[in-house]
Number of protein chains: 2
Amino acid sequence: MRKVDPVKYEERRGGILEAAERCFARHGFHGATIAQICAEAGISPGHLYHYFETKESIIAAIADSELEYAKSRSAQMLESSNLIAALISEIELVNIRHKETGPGVLLDMLAAAGRNAAVGNILRENSASVCELLAEHLRSGQASGQIDAGLDADTAAAVLLSLIDSSKTLSIRVPNLDPKKRSKALEQLITRFLSPPGAHAQTTVGSVIVEGDKTSASAQAVTTQNSA
Amino acid sequence: MRKVDPVKYEERRGGILEAAERCFARHGFHGATIAQICAEAGISPGHLYHYFETKESIIAAIADSELEYAKSRSAQMLESSNLIAALISEIELVNIRHKETGPGVLLDMLAAAGRNAAVGNILRENSASVCELLAEHLRSGQASGQIDAGLDADTAAAVLLSLIDSSKTLSIRVPNLDPKKRSKALEQLITRFLSPPGAHAQTTVGSVIVEGDKTSASAQAVTTQNSA
DNA sequence: AAATAGATCGAACGACCGCTCTAACTATGG
DNA sequence: CCATAGTTAGAGCGGTCGTTCGATCTATTT
């Protein structure tokens, strides 16, 4: 008898997922076909269905892995720098990714979430856990006085999460914005939102270091001087 | 001979467009079928193709009318109240619409814009003109001292526009937010972003009244108190 | 009222979709 | 070195999609 090699299996499955993601990014969830995914992965349709039950399940798996990846990335950034810098880094990274590899599947996921229960649940669960992460950091910032204690941490966390999404829609709607001006505005938006009232001494964000897959981009600190 | 009645023609066309929008909202651009649109509009497929060349052209027409409507609504709100109140009203309205009639087609448009050149051009053109509108109001606010003169008006306008989008993604990702807390956070976000530095006197937004279906929304003026 | 051009219908076409099924192939355990 | 279970292929099935087309109906014009 022969045994199934779980390493090879997971490898193949991952390969199909990557191929599917490229196809979905190019044509959308509905627009991409099984045949295209098979061609991209270099396998036959019969074979694909040994790894996934339906096209829907591929979509769900993509949504899951994509969001899980974004979450772990955010968690990593929050560990290695302060909240505001981490948020800006994340937004900056989303922007770079968008320029290099196109819009990706995030917006498709958001659109699908309203119609596809599986995707909707995955998205809401993931969002909730990212919110919790952000809220914790917000609360600790409030305790140390760096963040306005008057803000409701949970609500602010949700708003900040949606702010990351908005950087994606901004890239699509207004693609020719000067990246420097854009970064500065985003930083001001976030900083002013979170800073304690009266602390109009603009906090200086240290060097924001983004390490990506293939990309390593770094944004210089922005120092905003205010009147006394 | 018989002549084509342009009134009846435009009426029918509009009816098809409305039916199509409902279908697209329910199933997405790819998911909705011509047959569904025909059923919803109460016509035959043969007849539909006397009004639109292809399904693509229906999608483009929907994108155009939807964005044009959003633009005129924003313009109207900006006329009848100050910038900050208008933005909050618009976001509030988007939120109410979302609760009542579902997510709509905005996210589908944003996702499609990256793949469909026609939709992309319509979206970018519309966004540019809304940005210009917002930027003008920003500049006049800067001139009168209500808005931070240090902000780059064009960039800030783009950021504000994407902020309206983000309220849509927020509704989808975190649907159970307390609307009151949410509104307050959004208001703080926008107010703090736009207020001149040092004007930490919390602005109070008067009652923001949004009336639903066919929607005539009016927002009361915001009184911004500045320190001397 | 006959003529005629636009309005409307619905069957049907060709292409393509997600998915299944059978059959061949291949590596491994005994 | 068979036997066997996992692997892979690809033709093709039933169905649906966007679109077309010929026919019928209807209102206007003269």
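No hydrogens, no waters, no symmetry mates; every other heavy atom, side chains included, goes into these values. No experiment lies behind these values; they were computed from the predicted model shown. To find a chain, count down the sequence lines: A is the first, B the second, and so on, and within it residues start at 1.
- Here B:I43 lies in heavy-atom contact (under 4.0 Å) with sugar-phosphate atoms only.
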Quick one, give me the B/S/- string for nucleotides 22-28 of chain C, reading 5' to 3', where B means a protein heavy atom under 4.0 Å from the base and S means that only happens at the primed atoms, P, OP1 or OP2. ----BBS
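- Applying the side chain to side chain contact (heavy atoms under 4.5 Å, CB included) test to B:E132 and every residue at least two apart in sequence or in another chain returns B:E136.
- For B:R13, the salt bridge (charged side-chain N to carboxylate O under 4.0 Å, His left out) criterion is met by B:E10, not counting sequence neighbours.
- You'll find that the side chain of A:H47 is closest to D:dA9, out of D:dA9, D:dT19, C:dC19.
- Within residues 51-65 of chain A, the residues that place at least one heavy atom under 4.0 Å from DNA chain D are, in residue-number order, A:Y51.
- Applying the salt bridge (charged side-chain N to carboxylate O under 4.0 Å, His left out) rule to B:E18 yields no partners; only residues at least two apart in sequence or on another chain are considered.
- Annotation: side chain to side chain contact (heavy atoms under 4.5 Å, CB included) contacts of B:T33 (sequence neighbours excluded): B:A35, B:Q36.
- Every residue two or more places apart in sequence or in another chain that forms a salt bridge (charged side-chain N to carboxylate O under 4.0 Å, His left out) with A:K71 is listed here: A:E68.
- Near DNA chain D, defined here as any heavy-atom distance below 4.0 Å, the residues from residues 15-37 of chain B are B:A32, B:T33, B:I34, listed numerically.
- Here B:D154 pairs with B:R139 under the salt bridge (charged side-chain N to carboxylate O under 4.0 Å, His left out) rule; sequence neighbours left out.
- Sorted by first then second residue, the salt bridge (Lys or Arg N to Asp or Glu O under 4.0 Å) pairs that include residues 27-53 of chain B, not counting sequence neighbours, are B:R22-B:E40, B:R26-B:E40.
- Between A:F24 and A:F29, the ring-plane angle classifies as perpendicular under the 30° and 60° cut-offs.
- Sorted by first and then second residue, the salt bridge (Lys or Arg N to Asp or Glu O under 4.0 Å) pairs involving residues 158-176 of chain A (not counting sequence neighbours) are A:D165-B:R173, A:R173-B:D165.
- Applying the salt bridge (Lys or Arg N to Asp or Glu O under 4.0 Å) definition to pairs two or more places apart or across chains, those involving residues 107-119 of chain A are A:D108-B:R115, A:R115-B:D108.
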